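Worksheet for the structure shown next.
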Amino acid sequence: MPDDMVDAHIHGVTNALAAGWRVLERGGAALDAVEEAVVIMEDDETFDAGRGSFLNRDGKVQLDALIMDGATLRAGGVGCVERLRNPVRAARKILSESPHVYFVAEGAERFAAEHGIALCKNEDLVIPREVERLRAYQAEAAQHGNDLFAPSSDDVTISHDTVGAVALDRAGNIAAATSTGGTLNKAPGRLGDSSLIGCGCYANNESAAVSTTGWGEPIMKLVLAKWTADRIQAGNLPEWSAQEAMNYLKQRLDGHGGIIVLNPEGHIGIAHNTPRMAWAYKTVRKQEAGIEKSAP
Ligand code: ASP
């Protein structure tokens, strides 16, 4: 992220942390905590989620989100939605009120509307900063004679601003949620890792709650969130497993990204192989937020 966006990111993740903590403090469920935390970041234009997201090649916002409950393995996902301010709210409705796990595009929007979630216009999600970002990107791509101008792993100047949260509640249950506008200039209909179970998000009380960000295609191919949870189920700590996941992403597919991990014992892992990633955590003893180094 650019230098002038650092404070906004720290502020955004700290607000999200407070919203999630309010739920946990009154004895609420981890599932509710991650939903509330992610809603705050979807509403914050700083991030690539909800309003203010990166635009796709057609200049539209197209959003993906997943929420997962570690106790029951229930999950709800939406992909390629264009008329939802808070895709994580729709994902949560799917988790709670549908026999299905995943809805896409108009079907997802119809499901949301039928379950009391107001639809918005796509233009309501588009902000001038992103119109300008897309314009500049496409102008540069045209100069390179390549419409798609696919991001490569060594291009860490391409920002990844997906949002995610993991939480552990008093009952000992963990949950995870991830929400994104995907990658800048993506092809319409392109789905990334964020809303796919085990790729950009995963939660299982037998292993860990995980949320990832970064270049989605390599993360999907490695099923990285589940890969990380498996390391924890095998007896490794989240701190080590998070770092290993980033090493694996880099070594195996030359990918870049970031990850947050939490196990049911309350151990956390935060790692990224990008120059920066905004994170914040709180326990009953301690609260920290940061941008460059990983938390302990
Ligand atoms: N992982 C997201 C995607 O590829 C993008 C991001 O994390 O910023 O859709």
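Start at 1 and go down the list; that is how both ligands and their atoms are numbered. It should be emphasised that the depicted structure is a prediction, and the values quoted were computed from it without experimental measurement.
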Would you say I219 has any N or O atom under 3.5 Å from an N or O of ligand 1, going by distance alone? no
Other cluster members, V23 - Ile/Leu/Val/Met/Phe/Trp/Tyr, side-chain contacts below 4.5 Å: none
List the atom pairs, donor and acceptor, that lie under 3.5 Å between side-chain atoms in residues 29-38 and the rest of the protein, sequence neighbours left out.
{"from": "D32", "atom 1": "OD1", "to": "R92", "atom 2": "NH1", "distance (Å)": "2.6"}
{"from": "D32", "atom 1": "OD1", "to": "R92", "atom 2": "NH2", "distance (Å)": "3.3"}
{"from": "E35", "atom 1": "OE1", "to": "R92", "atom 2": "NH1", "distance (Å)": "3.0"}
{"from": "E35", "atom 1": "OE2", "to": "R89", "atom 2": "NH1", "distance (Å)": "2.8"}
{"from": "E36", "atom 1": "OE1", "to": "R89", "atom 2": "NH2", "distance (Å)": "3.2"}
{"from": "E36", "atom 1": "OE2", "to": "R89", "atom 2": "NH1", "distance (Å)": "2.9"}

At a 4.0 Å threshold, what atoms of ligand 1 neighbour a non-hydrogen atom of T183? 4 (O)
Report yes or no: does S194 have a heavy atom closer than 4.0 Å to ligand 1? yes
G182: numbered ligand 1 atoms lying under 4.0 Å from its heavy atoms: 9 (O)
Could you check whether any side-chain heavy atom of T212 comes within less than 4.5 Å of a side-chain heavy atom of D193, counting everything from C-beta outward? yes
Please confirm whether R190 approaches ligand 1 to less than 4.0 Å, judged on its heavy atoms. yes
Distance-only donor-acceptor check, side chains T178 and S211, under 3.5 Å: yes
So, for F47 and H9, is the gap between ring centers shorter than 6.0 Å? yes
Close-contact set for ligand 1 against T213 heavy atoms, below 4.0 Å: 6 (C), 7 (O), 8 (O)
Begin from the C-alpha positions of N185 and N56 and carry the test side-chain hydrogen bond (donor to acceptor under 3.5 Å, both in side chains) through to its verdict. CA-CA 4 Å; N185 197 45; N56 71 10; over 6 Å; no
Structural part of D161 in contact with ligand 1, heavy atom criterion under 4.0 angstrom: backbone
Do Y281 and Q287 get their side chains close enough for a donor-acceptor pair, meaning under 3.5 Å? no
Just jot down the ligand 1 atoms closer than 4.0 angstrom to any heavy atom of D193, in number order. 1 (N), 2 (C), 3 (C), 4 (O), 9 (O)
G214 heavy atoms within 4.0 Å reach ligand 1 at atoms 1 (N), 2 (C), 3 (C), 4 (O), 5 (C), 6 (C), 7 (O)
With heavy atoms of G216 as the reference, note each atom of ligand 1 found under 4.0 Å away. 4 (O)
